[in-house]
Amino acid sequence: MTESGPTNAPLTLFSALAVQGALDDVLLPRFLEQNPVELAITYDPTTVLVELVRGGARPDVIIAVTAALDDLVEAAAIDRSTVVPIARAGVGVAVARGEKVPVISTPESLQRALLDARSVAYSRAGASGIYFAELIERLGIGEQVNAKATIVEKGFTALAIVDGRADLAIQQLSELKFVPEVAIVGPLPEATQHYTEFSVALGAAAADTPAALALLRLLAEPSSAVAFRDAGLLAGPDRL
């Protein structure tokens, strides 16, 4: 996504997919109304964003899994003093609209739903997929689920439901919500749930860039919590 603006270098933003809905629908349009700059955005799983930075990319602003930002601080790619938690995401399950909704309210019913599914879509590149791969092993059903799984390299796993490759999709709830053609069954049962915190930070060379500072401040301000919640995330200092 690139917005038109001045001819000087664009403000570069790297962002995890989990917050894309909130950014695209509300927060970036609000930012651009107040700051008429060119904005160049890369949306990818945190693992991919980190590899891009390790390969030499230097975004002005990055939104990623909080724990992963430590590596970028050590690599002198981001300014530690600017790291601010902005949202938290839980993992959920989606099915095609109009299809029978499985029961997933307990670990046992979740296990049965996964075993009964024709194919389960998840991504091994994203935080939710990495966790899900560990979860099914812990539940003792890893071999059975993976034998018929649809592994998505990166992106929105619910698209595998839309094109018929799978009938269940596992991902952060906000990422499932990004695909309107599917119905969200609900979050994983609390005993098997996993929450991922996302933070925003400035690149090491962007600390004195007015537009970068303005974007960070907007994302971190309490009023932005509404956009994150509407996109299926937990947000605000009372939930972090």
Side-chain angles (χ1 to χ4, degrees), residues 15-25 43-49 51 65 68 87-198 228-234:
S15 176
L17 291 168
V19 298
Q20 183 174 352
L23 294 184
D24 284 354
D25 292 346
Y43 287 117
D44 264 320
T46 290
T47 53
V48 176
L49 298 177
E51 286 305 310
V65 174
R88 202 165 52 122
V91 182
V93 181
V95 297
R97 289 194 178 277
E99 293 297 319
K100 181 180 179 181
V101 176
V103 176
I104 60 165
S105 56
T106 66
E108 294 75 20
S109 60
L110 171 65
Q111 182 171 324
R112 176 49 49 197
L114 295 173
L115 290 173
D116 287 346
R118 174 177 55 86
S119 182
V120 179
Y122 71 100
S123 170
R124 287 183 176 148
S128 59
I130 292 169
Y131 169 72
F132 180 71
E134 297 170 352
L135 174 63
I136 56 178
E137 293 298 332
R138 193 167 77 236
L139 293 175
I141 58 172
E143 184 175 350
Q144 298 99 307
V145 173
N146 281 323
K148 55 184 180 178
T150 298
I151 306 299
V152 178
E153 183 179 352
K154 63 178 184 178
F156 298 105
T157 63
L159 293 175
I161 293 177
V162 177
D163 64 23
R165 287 177 290 160
D167 48 10
L168 290 185
I170 310 293
Q171 204 162 32
Q172 311 280 11
L173 285 161
S174 60
E175 293 172 283
L176 296 175
K177 192 171 181 179
F178 194 84
V179 181
E181 298 90 345
V182 303
I184 297 176
V185 178
L188 298 184
E190 199 59 34
T192 61
Q193 183 56 271
H194 177 73
Y195 296 99
T196 302
E197 182 185 83
F198 295 87
F228 289 124
R229 290 192 180 101
D230 287 347
L233 294 145
L234 303 173

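The residues of the chain are indexed from 1 along the displayed sequence.
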Give me the atom names and distance for the closest heavy-atom approach of [X] to [Y].
{"X": "Thr46", "Y": "Ala68", "value": "CG2-CB, 3.5 Å"}
{"X": "Ile104", "Y": "Ala113", "value": "CG2-CB, 4.1 Å"}
{"X": "Pro45", "Y": "Leu17", "value": "CD-CD1, 4.0 Å"}

Taking C-beta and beyond as the side chain, do [X] and [Y] meet within less than 4.5 Å on heavy atoms?
{"X": "Leu234", "Y": "Tyr195", "result": "yes"}
{"X": "Val95", "Y": "Val182", "result": "no"}
{"X": "Val19", "Y": "Ser174", "result": "no"}
{"X": "Val103", "Y": "Val185", "result": "no"}

Donor-acceptor under 3.5 Å ([X] side chain, [Y] main chain):
{"X": "Gln193", "Y": "Val91", "answer": "yes"}
{"X": "Thr47", "Y": "Ala125", "answer": "yes"}
{"X": "Lys177", "Y": "Asp230", "answer": "yes"}
{"X": "Lys148", "Y": "Ala117", "answer": "yes"}
{"X": "Asp167", "Y": "Arg118", "answer": "yes"}
{"X": "Arg97", "Y": "Pro180", "answer": "yes"}

Nearest 0.5 Å, please: how far is [atom2] in [Y] from [atom1] in [X]?
{"X": "Arg165", "Y": "Leu159", "atom1": "CZ", "atom2": "CG", "value": "7.5 Å"}
{"X": "Arg112", "Y": "Leu114", "atom1": "CZ", "atom2": "CG", "value": "10.0 Å"}
{"X": "Thr150", "Y": "Ile161", "atom1": "OG1", "atom2": "CD1", "value": "9.5 Å"}
{"X": "Leu135", "Y": "Leu188", "atom1": "CG", "atom2": "CG", "value": "6.5 Å"}

Next on the checklist: Classify the ring geometry of Phe156 against Phe178: parallel below 30°, tilted from 30° to 60°, perpendicular beyond 60°.
Outcome noted: parallel
Between the side chains of Thr157 and Ser123, is a donor N or O closer than 3.5 angstrom to an acceptor N or O?
-> no
